[in-house]
Student: 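Quick one: the structure is below, questions incoming.
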Amino acid sequence: MTQGFERMRQLGKSSWAAWVALCVVAVLAGCASPRYRAPVEDRAAAGRTQPGSAPATATPPARPGDENAGKPGYVTVKPGDTLIRIGLEAGQNWRDVARWNGIDNPNLIEVGQVLRVARPGSEPEAVAVRPVTAAAQVETRPLDARAEPRVLEIKPGTASPAAAAAASAPAPATPASDEDVAWGWPAQGGVTTPFDDQRHKGLLIAGKAGEPVYAAAAGRVVYVGADLRGYGNLVIVKHNNTYLSAYAHNQALLVKEEQVVRKGQKIAEMGSSDTDRVQLHFEIRRVGKPVDPARLLPAR
């Protein structure tokens, strides 16, 4: 009988152990069930906005002037742009551009910002682009006040002396339009590299360090400095509402911004700043677009 009770006790222990093992298996199986999978990013739902939460891709707020993007007289700031470069490419004084756009700090402009580059009240699309002709080149040659008066020889069948004198009379000093600029050479050296709209947006003129650089026409200095990459020490002169000229790579700058200069006035000394040789990079820009100075400068 004692052996019977002992066997029943052993069977009870076995049943208890089996029941415990079964519970452990069930718990482990529950932990491995899909209810406890690691979270997976739901890309389809990423763009959906949950109640009370901010949009996943919020549209940036519109800035003043964005509505003018693409309109004549406005530009959109690109990576690498500065207010000085924008002014040069628009043919404007960068200080005017800052004032027209309410910019206090010229270093704080943003990519994508739309800026006015035309004088308020003007109509940029109304500016007529006249081709430069050979006649225009002759008309814009400077008159040498020191030249001796010419003696006219009147032959039979020619115009009267009065008519000949009237035909040879010098043009009025006051320009008839912005196109009538009396240009002069900005340096004495020869041209080493001609104008190229893609690579050289001006003329490269040879010279020695310290040789004078002259204002090519009368005007007002709108920039003096070295903030424009690739130009070194630079002077920009605005001649009227149509033309400005630029003088780059100087070793010394002899004028200041807003200074009025006359044609032939020494404004800088030739150098090699931001280049590998002494030379003058000279540009003429018409309404901000580079034009070939050789077509405007007088023959030597």
Student: Could you point out which residue of V191, L280, T193 forms a side chain to side chain contact (heavy atoms under 4.5 Å, CB included) with L204?
Tutor: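 Of the listed options, the one satisfying the test is T193.
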
Student: Any idea which heavy atoms bring V291 and L296 closest together, and the distance?
Tutor: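 It is CG2-CD1, 4.0 Å.
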
Student: Between P106 and L83, which heavy-atom pair has the shortest distance, and what is it?
Tutor: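 Residues P106 and L83, closest heavy atoms: CB-CD2, 3.8 Å.
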
Student: Do H281 and L234 have side chains that get closer than 4.5 Å, going by heavy atoms?
Tutor: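 Of all side-chain heavy-atom pairs linking L234 with H281, none is under 4.5 Å.
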
Student: Does W183 use its side chain to pair, donor to acceptor, with the backbone of A217 at less than 3.5 Å?
Tutor: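 No, W183 side chain to A217 backbone: no donor-acceptor pair under 3.5 Å.
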
Student: Roughly how far, to the nearest 0.5 Å, is the NZ atom of K201 from the NZ atom of K289?
Tutor: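 Those atoms lie 8.5 Å apart.
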
Student: Please check if the side chain of N240 supplies one atom and the backbone of D178 the other of a donor-acceptor pair under 3.5 Å.
Tutor: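 A pair under 3.5 Å: yes.
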
Student: Can you give me the closest heavy-atom contact between L253 and G225, atom names plus distance?
Tutor: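 Minimum heavy-atom contact is CD1-N, 3.8 Å.
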
Student: Indicate yes or no: at least one non-hydrogen side-chain atom of L203 is less than 4.5 angstrom from one of L297.
Tutor: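 When only atoms from C-beta onward are counted, L297 and L203 do touch, with a gap below 4.5 Å.
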
Student: Considering only NZ, NE, NH1 and NH2 on the basic side and carboxylate oxygens on the acidic side, decide whether R295 and D292 come within less than 4.0 Å.
Tutor: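 No, no charged N to carboxylate O under 4.0 Å.
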
Student: Might you point out which heavy atoms bring G230 and D274 nearest each other, and give the distance in Å?
Tutor: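 Residues G230 and D274, closest heavy atoms: N-OD2, 2.8 Å.
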
Student: Are the side chain of K238 and the backbone of G219 linked by a donor-acceptor contact shorter than 3.5 Å?
Tutor: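 The answer is no, because no donor-acceptor pair under 3.5 Å joins these two groups.
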
Student: For R300, does the CZ atom sit with more than 12 other heavy atoms under 6.0 Å from it, leaving out its own atoms?
Tutor: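 Yes.
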
Student: Classify the ring geometry of Y247 against F282: parallel below 30°, tilted from 30° to 60°, perpendicular beyond 60°.
Tutor: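 Rings of Y247 and F282: tilted, 30 to 60°.
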
Student: Taking L115 as the starting point, is it possible to reach Y74 by hopping between hydrophobic residues whose side chains are less than 4.5 Å apart?
Tutor: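 No; tracing contacts between hydrophobic side chains, which count when under 4.5 Å, never links both residues.
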
Student: Output the distance between atom CD (E269) and atom NZ (K208), rounded to the nearest 0.5 Å.
Tutor: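 That separation rounds to 15.0 Å.
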
Student: Is there side-chain contact between L88 and L244, with at least one heavy-atom pair below 4.5 Å?
Tutor: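 Heavy-atom side-chain distance check passes, below 4.5 Å.
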
Student: Answer whether the closest heavy-atom distance between the side chains of V222 and R95 falls below 4.5 Å.
Tutor: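 Result no, sub-4.5 Å side-chain heavy-atom pair not found.
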
Student: Report yes or no: do V97 and I84 belong to one cluster of Ile/Leu/Val/Met/Phe/Trp/Tyr joined by side chain heavy-atom distances under 4.5 Å?
Tutor: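 V97 clusters together with I84.
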
Student: State plainly whether one hydrophobic cluster holds both Y214 and V278, where clusters connect Ile, Leu, Val, Met, Phe, Trp and Tyr through side-chain heavy atoms under 4.5 angstrom apart.
Tutor: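 No, it is not one cluster - the side chains of Y214 and V278 are not joined through contacts under 4.5 Å.
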
Student: When rounded to the nearest 0.5 angstrom, what is the spacing between CZ in R199 and CG in D197?
Tutor: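 Nearest 0.5 Å value for the CZ-CG distance: 11.5 Å.
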
Student: Would you say the side-chain atoms of Q92 pair up with the backbone N or O of V117, donor to acceptor, closer than 3.5 Å?
Tutor: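 It does hold such a pair.
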
Student: Less than 4.5 Å apart, side chain to side chain, heavy atoms only: is that true for I267 and V221?
Tutor: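 Not touching, per the 4.5 Å side-chain cut-off.
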
Student: Is any side-chain heavy atom of W185 closer than 4.5 Å to a side-chain heavy atom of I205?
Tutor: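 W185 vs I205: side chains touch.
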
Student: Got a donor-acceptor contact below 3.5 angstrom from the H249 side chain to the S273 backbone?
Tutor: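 It does hold such a pair.
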
Student: Name all pairs fulfilling the side chain to side chain donor-acceptor pair (under 3.5 Å) condition that reach into residues 221-234, sequence neighbours left out, sorted by first residue then second.
Tutor: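 Pairs touching residues 221-234 that pass the test: Y223-D227, Y231-E283.
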
Student: Give a yes or no on this: more than 12 heavy atoms of other residues, nucleotides or ligands lie within 6.0 Å of atom CD of Q265.
Tutor: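 Counting other residues, nucleotides and ligands, CD of Q265 exceeds 12 neighbours.
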
Student: Is there side-chain contact between L254 and K266, with at least one heavy-atom pair below 4.5 Å?
Tutor: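 In contact.
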
Student: Would you say CG of N105 has more than 12 non-hydrogen atoms from neighbouring residues, nucleotides or ligands within 6.0 angstrom?
Tutor: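 Enclosed: over 12 neighbouring heavy atoms sit under 6.0 Å from CG of N105.
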
Student: Hey, is the main chain of A252 close enough, under 3.5 Å, to the side chain of N250 for a donor-acceptor pair?
Tutor: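 Such a contact is absent between N250 side chain and A252 backbone.
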
Student: Just do the side-chain contact (heavy atoms from CB on, under 4.5 Å) check on Y243 and I284 with the steps written out, would you?
Tutor: CA-CA 7 Å; Y243 285 104; I284 294 179; 3.8 Å; yes

Student: Under the criterion side chain to side chain donor-acceptor pair (under 3.5 Å), I'd like the reasoning laid out for N93 against E257: C-alpha separation, chi angles, the key distance, then a yes or no.
Tutor: CA-CA 10 Å; N93 185 339; E257 291 185 15; over 6 Å; no

Student: Which heavy atom in L228 sits nearest to a heavy atom in R85, and how many Å separate them?
Tutor: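 Residues L228 and R85, closest heavy atoms: CD1-CB, 3.4 Å.
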
Student: Using side-chain heavy atoms (C-beta onward) and a distance below 4.5 Å, is R220 in contact with E258?
Tutor: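 Side-chain contact under 4.5 Å: yes.
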
Student: So which heavy atom on R119 is nearest to which on D96, and how close?
Tutor: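 Scanning both residues completely, I find the closest heavy atoms to be NH2-OD2, 4.3 Å.
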
Student: Are F195 and V181 connected in a single hydrophobic cluster, I mean Ile/Leu/Val/Met/Phe/Trp/Tyr linked by side-chain heavy atoms less than 4.5 Å apart?
Tutor: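 They do share one cluster, since a chain of ILVMFWY contacts under 4.5 Å joins V181 to F195.
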
Student: Just verifying a value: how many Å separate Q113 CD and I103 CD1, rounded to the nearest 0.5 Å?
Tutor: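 The distance works out to 5.5 Å.
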
Student: How long is the straight-line distance from CD1 of I109 back to NZ of K78, given to the nearest 0.5 Å?
Tutor: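 One finds 10.0 Å between NZ of K78 and CD1 of I109.
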
Student: Applying salt bridge (charged side-chain N to carboxylate O under 4.0 Å, His left out), run through E89 and R285 and close with a yes or a no.
Tutor: CA-CA 8 Å; E89 294 179 350; R285 291 188 177 238; 5.3 Å; no

